[in-house]
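First listed ligand is number 1; within each ligand, the first listed atom is number 1.
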Amino acid sequence: MRTKMWIVDKNEQENHAYPQLEEAAKLLKEGETIAFPTETVYGLGADATSDRAVDKIFVAKGRPSDNPLIIHIGSKEAVEKIAKEIPSSAQALIDRFWPGPLTLVLKKRPGISEKVTAGLETVAVRMPSHPIALELLKKVDLPIAAPSANLSGKPSPTLAKHVWADLDGRISGIVDGGPTGVGVESTVLDCTEDTPLILRPGGVTKEQIEAVVGKVRVDKALLISGQAPKSPGMKYTHYAPNAPLYIVQGSRDFLQKKADEWRGQGKRVGILTTTENESFYQADVVLGCGSRDDLSTVATHLYEVLRSFNEHDLDIILSESFPEEGVGQAVMNRLMKAAGHQIILE
Ligand code: TXA
Ligand code: MG
């Protein structure tokens with residue numbers, strides 16, 4: 001299949017009407033798959049009410065069918081057509097964080113494809129804040145199922161060229177709206193029990209959620225390895241670059257010493273650091289990923305940097321580690337997954 005590409009400048013459209021989106025919207029209505037930017041990462045969308053359309057997402061990504069998808073909606077009110085009950089805490093979070101990077105898991109209504117929810121009684125739903133995503137959802141006027149637009153297991157795409165690299169020839173089109181922004185996926189929050197439960201840390205932090213609804217819990221599988229995660233997607237290996245990745249917990253000197261040891265054995269070593277420390281290290285490739293002073297900048301560039309390591313023929317990658325506070329929780333969660341939980345302690 002030929003994959004079309006539309007280039008849309010999110011800033012330069014009058015009234016955010018984006019006429020280039022007409023064809024993409026038409027193809028979505030016809031049951032085709034279209035990748036589009038959201039404020040977190042690029043999503044691969046299809047009509048959430050059609051089994052046939054949703055199937056195409058799983059085929060294009062090579063995604064296991066027991067891993068349910070997030071439904072994207074273009075207005076807060078549309079959640080009532082998808083979820084059966086909206087607890088008051090969920091409503092308060094909708095009022096505060098939508099549109100934005102927070103996905104709520106709620107009890108589902110009939111009418112949504114079983115393929116979207118992988119047979120579960122619950123459904124994950126969010127209203128993205130990216131102006132192109134919102135306009136596309138408005139033009140289509142259907143709930144759109146959209147996982148991240150990468151091949152299953154690869155880092156999520158934060159640029160259209162990442163989608164192109166993974167899915168060219170496998171999907172009907174890509175809306176190129178430039179870099180996404182937040183860089184890590186939405187926070188997934190289960191609101192079906194009395195105390196909300198974070199299933200995946202993401203763009204909205206635990207602290208921000210607690211400021212609205214009080215105490216929230218965090219899925220134990222995110223904290224202790226070896227337990228089955230409640231969010232089906234969290235059990236898969238993800239984001240891994242081609243070379244094995246290790247997270248180093250210790251000083252810069254210790255990380256440099258480890259790099260020197262590997263290089264002494266003739267290995268090609270990459271280092272993942274931040275702009276502050278880029279000139280400190282010596283290795284075959286040193287990539288800075290945002291600034292330690294503002295972890296949201298690390299989140300923005302993390303997947304791009306993980307993908308960039310694959311352009312160099314490396315034997316091993318060593319990464320600095322980050323404090324698990326605020327968006328640092330999402331950053332460390334994704335890094336740990338990319339590293340298959342391999343840590344080197346000083
Ligand atoms: O930021 C995002 O959320 C991006 C953009 C495109 O919106 N989407 C995204 O989708 O990350 P995906 O499919 O890559 O991740 C969806 C996550 C998975 O971990 C999945 O298991 C979980 O949400 N999920 C979906 N439905 C669920 C449900 N009913 N119960 C529990 N977890 C669910
Ligand atoms: Mg994904």
Is the distance between the ring centroids of Y239 and Y303 less than 6.0 Å?
yes

Salt bridge present between [X] and [Y] (N-O < 4.0 angstrom):
X	Y	value
K26	E32	no
D55	K115	yes
D284	R263	yes
E304	R307	no

Side chain, backbone, both or neither: [X] near ligand 1, heavy atoms under 4.0 Å:
X	value
T122	both
L199	side chain
K61	neither

Ligand-side contact atoms (ligand 1) for residue partner [X], heavy atom cut-off under 4.0 Å:
X	result
S186	1 (O), 2 (C), 3 (O)
A146	6 (C), 8 (N), 10 (O)
A124	25 (C), 26 (N), 27 (C)
G43	6 (C)
L120	28 (C), 29 (N), 30 (N)

Out of curiosity, is H72 lining ligand 1, as in a heavy atom under 4.0 Å away?
yes

Close approach, N67 and ligand 1, non-hydrogen under 4.0 angstrom
yes

Polar contact flag for [X] and ligand 1 (N/O pairs, less than 3.5 Å):
X	answer
Y42	no
R126	yes
S148	yes

Just to verify, what does K108 make a side-chain contact (heavy atoms from CB on, under 4.5 Å) with, not counting sequence neighbours?
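Only E114, T117, V123 meet the side-chain contact (heavy atoms from CB on, under 4.5 Å) criterion with K108.
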
So, using side-chain contact (heavy atoms from CB on, under 4.5 Å) as the criterion, who are the partners of A60 when residues are at least two apart?
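Partners of A60 under the side-chain contact (heavy atoms from CB on, under 4.5 Å) test: L44, R170, I171.
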
Does any non-hydrogen side-chain atom of Q249 lie less than 4.5 Å from one of E346?
no

Flag the pair Q20 / I7 as yes when at least one side-chain heavy-atom distance between them is below 4.5 Å, and no otherwise.
no

Hey, is the main chain of T40 close enough, under 3.5 Å, to the side chain of T38 for a donor-acceptor pair?
yes

What residues, two or more places apart in sequence or in another chain, satisfy salt bridge (charged side-chain N to carboxylate O under 4.0 Å, His left out) together with K107?
E85

Keeping to distances under 2.8 Å, can you name the protein N/O/S atoms close to the Mg ion (ligand 2)?
S148 OG

Between K206 and V218, does a side chain to side chain contact (heavy atoms under 4.5 Å, CB included) hold up when you go through it step by step?
CA-CA 9 Å; K206 176 169 182 267; V218 176; 3.5 Å; yes

